[in-house]
Amino acid sequence: MQHPPSPADLTLAQARILLEAKLSGRAGGPVDMALDQAAGTSLAEALYAPGDLPPFDNSAMDGYALNTADLRGDPPYRLPLDGTTLAGEAPPPLTPGHARRITTGAALPLQANTVIIQEWVQRDGEEIQFERSVAAGNCIRAAGSDVGQGDLLLPLSTRLGALQLALAANVGVARLKVRPRPTVAVLSTGSELVEPGRTRGPGKIYDSNRYLLAELAEQLGGDVVYANTCGDDRSALIRALESATSVADIVVTSGGVSVGDADLLPGLIAQLGEVYFHKLALKPGRPVLFGELNQTPILALPGNPVSVLVTCLQLLAPALDHLSGALVRQPLRMSAQLDGKVSKAHSRLEFQRGRINQSASGKLWVSPVAGQGSHQLAALRDADCFLVLPEGPQSYAHGDSVFVEPLIQYFR
Ligand code: AMP
Ligand code: MG
C-alpha cells in the first residue's frame, strides 16, 4: 500500500524522545517488596552489598585443607588427618602438621592456607599421601572475591530478573524498594473481530491481536490487568476506553487508528484527550498514535498483526521502561551480510522480518523471510530478527552489509 509522502511524520527516534518526555518520572512506587514478588520490577534505590561474597574463605573443591608450611622437602608428602569439615560447619582451627578433609563450600579452617583436590591424594586410613607439590591459595574461594562489602551490587533502575534477585538473596537481602511493573490494558478494536472458539460469520476474522498484545505486554515488562475486544462503534469505544484507562497505567489498542471510515480512534482521542503523535515514518506500523486519555497514556497501534509486533517492540517496550522506572532498553543491532537482495522505494524506516544464519566461520548472514505483508502473521514463525532498512530509499545486493535486530532480546 502506497502512502502519500507526508513530511510531518515523525521518525521513530523522534517518537521515542517524545515517549520519554511524556512518560519519564511517571513510574509507580516506591514500594517495599519481598524477593519472590519482585520479578520484573525495577529498583527504586541502588543496592550496596552489606557484606562480602563469598562471606568467608572456603574450599572450591572436595579435597584436603592443609598448610603449605607443613610440606617440607620433596614429595611424596604424608600428613595425618585431624577430622572433616563439611559445608555449613564452623571449623575448628587446623591442628599444626595435619590435613583436614574438606568439601566444596566448607569454610577453610584457620591455619590452613591451601586445598589439594581429592583426585591428587591417596587416602590411607587417617593419613593422606600425595605426589604433587601444592601452592598456597590453591582451590580457595577467598572472602570478597566476588563482591566486596559496600560494593554497588545493583544500580538504581535495574530491572529485576533471575540474576538480580539471586544477587540480592546472595547477600541476604529479603526485601527491596522497587517500582512495580506498570499495569497494561489491552483493547482490540474492529467490527470484523470474532473471539476464537466462536462461529465466524461472513466478512469476520478471528481476533489474534488481543493475544499477541497481551503476551507481548507481559514479556516486555507490563502486568496486563484488562483485555477486551470492541467494535468500531464510537460509544462502545468510549465505554471500553473509560474502563481501560481507569484500571491501567497505559492502554494499548490495536486497529482503527488509520484514515479509513471506521478508524475512529484518532478523532476520539483528539476530542476527549490529547494526541502527542500520530503517524510515523515507519513501515510497517505507520498509523501508530500516542496520546493520553483520562490522564492515562494510550498507544494506539494499527491492526495488522505484524505492525502490532513492530510497534510493540519499538514503542511499547520503551514506554513500559519509562513507566517501570527502568533503564531504557536500547535495541541491540548487529551487522550481517544479506543473503538475497532487498530494496525499498519509500523513505521510511522499515523493519523487514528476517532469519539469521551463521556460517561455519561464524559470519552472520540474514535472509528476509518469505511473506513480508503486514497481515502475514504466519510468516513470523520463520523470523528471528528484524532486518533494519534505515530512512531513505535504498537497495541492497547479495552480500551487502545490513543491520539486524535479534528478536530474542525482547523476550524474557
Ligand atoms: P485497521 O488498522 O483497523 O485498519 O486494521 C488493519 C488490518 O488489520 C485489517 O485487515 C484488520 O482486519 C486487521 N486487524 C485488525 N484488528 C485485528 C485483530 N485484533 N486481529 C487480527 N487482525 C486484525
Ligand atoms: Mg479496522
Side-chain angles (χ1 to χ4, degrees), residues 1-4 6 9 12 15 184-220 222 224 226-241 243-244 248 250-270 275 277-291 293 298-316 346 348 350-351 353 371-381 383:
M1 183 172 45
Q2 283 301 317
H3 293 275
S6 166
D9 289 2
L12 178 64
V184 181
V186 163
L187 181 66
S188 278
T189 78
S191 296
E192 70 274 41
L193 302 177
V194 176
E195 222 171 288
R198 298 256 171 95
T199 306
R200 189 185 57 78
K204 307 285 190 192
I205 59 167
Y206 288 115
D207 178 5
S208 57
N209 287 346
R210 195 167 124 185
Y211 301 90
L212 183 62
L213 270 174
E215 183 53 20
L216 281 172
E218 289 275 342
Q219 288 276 331
L220 295 174
V224 175
Y226 172 101
N228 203 353
T229 307
C230 182
D232 297 308
D233 172 87
R234 199 182 140 81
S235 50
L237 278 171
I238 291 174
R239 275 198 307 279
L241 287 171
S243 303
I250 185 168
V251 175
V252 189
T253 65
S254 84
V257 76
S258 191
V259 291
D261 297 342
D263 293 335
L264 305 176
L265 283 172
L268 202 151
I269 297 169
V275 173
F277 65 72
H278 182 204
K279 297 197 182 89
L280 298 181
L282 176 67
K283 182 182 178 176
R286 184 184 189 212
V288 59
L289 178 153
F290 171 56
L293 194 63
I298 176 164
L299 203 48
L301 314 178
N304 277 308
V306 180
S307 311
V308 168
L309 179 79
V310 169
T311 48
C312 267
L313 299 188
Q314 300 302 326
L315 293 166
L316 182 61
H346 59 82
R348 288 173 285 156
E350 180 167 345
F351 290 94
R353 280 70 64 204
Q372 292 285 336
S374 59
H375 64 294
Q376 287 174 297
L377 186 58
L380 288 177
R381 273 183 319 220

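Both ligands and their constituent atoms are indexed starting at 1 by order of listing.
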N or O contact, Leu193 vs ligand 1, cut-off under 3.5 Å: no
Nearest neighbour in protein (non-hydrogen) for atom 2 (O) of ligand 1: Gly303 N, 2.8 Å
Heavy-atom check, side chain of Asp233 versus side chain of Ser191, under 4.5 Å: no
From Leu316, Leu301, Leu313, residue fulfilling side chain to side chain contact (heavy atoms under 4.5 Å, CB included) relative to Val308: Leu301
Residues Asn228, Tyr226; criterion side-chain hydrogen bond (donor to acceptor under 3.5 Å, both in side chains); working and verdict: CA-CA 7 Å; Asn228 203 353; Tyr226 172 101; 3.0 Å; yes
Nearest-0.5 Å distance, CD of residue Gln372 to NZ of residue Lys283: 9.0 Å
The single option from Thr189, Val194, Thr229, Leu212 passing side chain to side chain contact (heavy atoms under 4.5 Å, CB included) against Asp207: Thr229
Val259 side chain reached by Lys279 side chain, heavy atoms, under 4.5 Å: yes
Atoms of ligand 1 close to Ser188 [distance to a heavy atom under 4.0 angstrom, numbered from 1]: 19 (N)
Among Leu309, Val288, Leu12, Leu282, side chain to side chain contact (heavy atoms under 4.5 Å, CB included) partner for Gln314: Leu12
Subset of ligand 1 atoms that lie under 4.0 Å from at least one heavy atom of Asp207: 18 (C), 19 (N), 20 (N)
Region of Ile205 engaging ligand 1 - heavy atom pairs below 4.0 Å: side chain
Whether Ser208 lies under 4.0 Å from ligand 1, heavy atom: yes
Gly256, Pro302, Pro305: member with heavy atom nearest to atom 1 (P) of ligand 1: Gly256
Donor-acceptor under 3.5 Å (Arg286 side chain, Pro284 main chain): no
Numbered atoms and elements of ligand 1 in range of Gly255, under 4.0 angstrom, heavy atoms: 2 (O), 3 (O)
Nearest-neighbour protein heavy atom for atom 4 (O) of ligand 1, which is reported as residue plus atom name and distance: Asp263 OD1, 4.0 Å
Polar contact flag for Asn304 and ligand 1 (N/O pairs, less than 3.5 Å): yes
Within-shell test, Glu192 vs ligand 1, heavy atom, strictly < 4.0 Å: yes
